[in-house]
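Letters go in sequence order (proteins before strands), and every chain restarts at 1.
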Amino acid sequence: MARRHWLFKSEPDSYSFDDLLAEPDQACFWDGVRNYQARNLLRDEVKPKDRVLFYHSRAKPPHVAGVAEVIEGGTPDWTALDKKSAYYDDKATREAPRWYGVRIRAVRKLEPGVGLPALKDNPALEGMRVVQKGQRLSVQPVDKAHYDEVLRMHKRLAAGA
DNA sequence: GCCAACGTTGGC
DNA sequence: GCCAACGTTGGC
């Protein structure tokens, strides 16, 4: 199956791309997603080798901060069973875990990040979900053409263009 | 910090 | 099963 592309949102104050880089193996389990649409994508669609744009939401400005690779597809998010976790959900059980996550590993940091205003200004990214108003989904599918264009934008930024 | 957009909950 | 109230997200 062809590699697919995604955008994962995270508030850098709670978990940033640098935090991912600081993990053992620069890998983490992407837990805490508590939205059914995003859950379904993590459980059923996001597969090993897929690529992820790691997006910093609620930053100034919001931006794509790095690229990651999926290293394991959907498995239960057991933080839902942990009463001490901020992600605890009393409707989740061991038999019916309800929430899922995937494992990702950092591929590379994008320095500088590609900002949301630039994404919005780029006609080639028309239709990309993250540029649309009110788009809150924290796991979004990304067209390959859009993914490639974001990396080209970063390349131009890094070259000082 | 504000608030629009959106998802979820719960009374009926 | 509708929908108002509520809570959360996330750009600004």
Tell me whether R4(A) contacts the main-chain N or O of K47(A) through its side chain, where contact means a donor paired with an acceptor under 3.5 Å.
no

Distance check needed: dC12(C) P versus H63(A) NE2, whole Å only.
15 Å

What are the atom names and distances for every N/O pair under 3.5 Å that joins the protein to nucleotides 4-9 of chain B?
unit_1: dA5(B); atom_1: OP1; unit_2: K133(A); atom_2: NZ; d: 3.3
unit_1: dA5(B); atom_1: N3; unit_2: R136(A); atom_2: NH1; d: 3.4
unit_1: dC6(B); atom_1: O2; unit_2: R136(A); atom_2: NH1; d: 2.8
unit_1: dC6(B); atom_1: O2; unit_2: R136(A); atom_2: NH2; d: 2.7
unit_1: dG7(B); atom_1: O4'; unit_2: R136(A); atom_2: NH2; d: 3.1

For F29(A), which residues count as a side-chain contact (heavy atoms from CB on, under 4.5 Å) partner, sequence neighbours excluded?
D31(A), T75(A), D77(A), R103(A)

Rounded to the nearest angstrom, tell me the gap between atom CD in Q132(A) and atom P in dG10(C).
14 Å

Check: residues 116-130 of chain A side-chain donor-acceptor pairs under 3.5 Å, at least two apart:
unit_1: N122(A); atom_1: OD1; unit_2: A124(A); atom_2: N; d: 2.8
unit_1: N122(A); atom_1: ND2; unit_2: E149(A); atom_2: OE2; d: 2.8

Interface residues of residues 120-129 of chain A with DNA chain C (non-hydrogen, below 4.0 angstrom)
K120(A)

The side-chain contact (heavy atoms from CB on, under 4.5 Å) partners of R51(A) (sequence neighbours excluded) come to R3(A), H5(A), V67(A), E69(A), V107(A), Y147(A)

CG of D13(A) versus P of dG1(B): gap in Å, rounded?
13 Å

Least distance between heavy atoms, P12(A) atom then D19(A) atom
O-OD2, 4.3 Å

Which atoms form the tightest heavy-atom contact between A2(A) and D50(A), and what is the distance?
O-OD1, 4.5 Å

P48(A): partners by side-chain contact (heavy atoms from CB on, under 4.5 Å), with sequence neighbours left out
none

Within 45° of the axis and under 6.0 Å from the centre of the six-membered ring of W99(A), does NZ or CZ of R43(A) qualify?
no

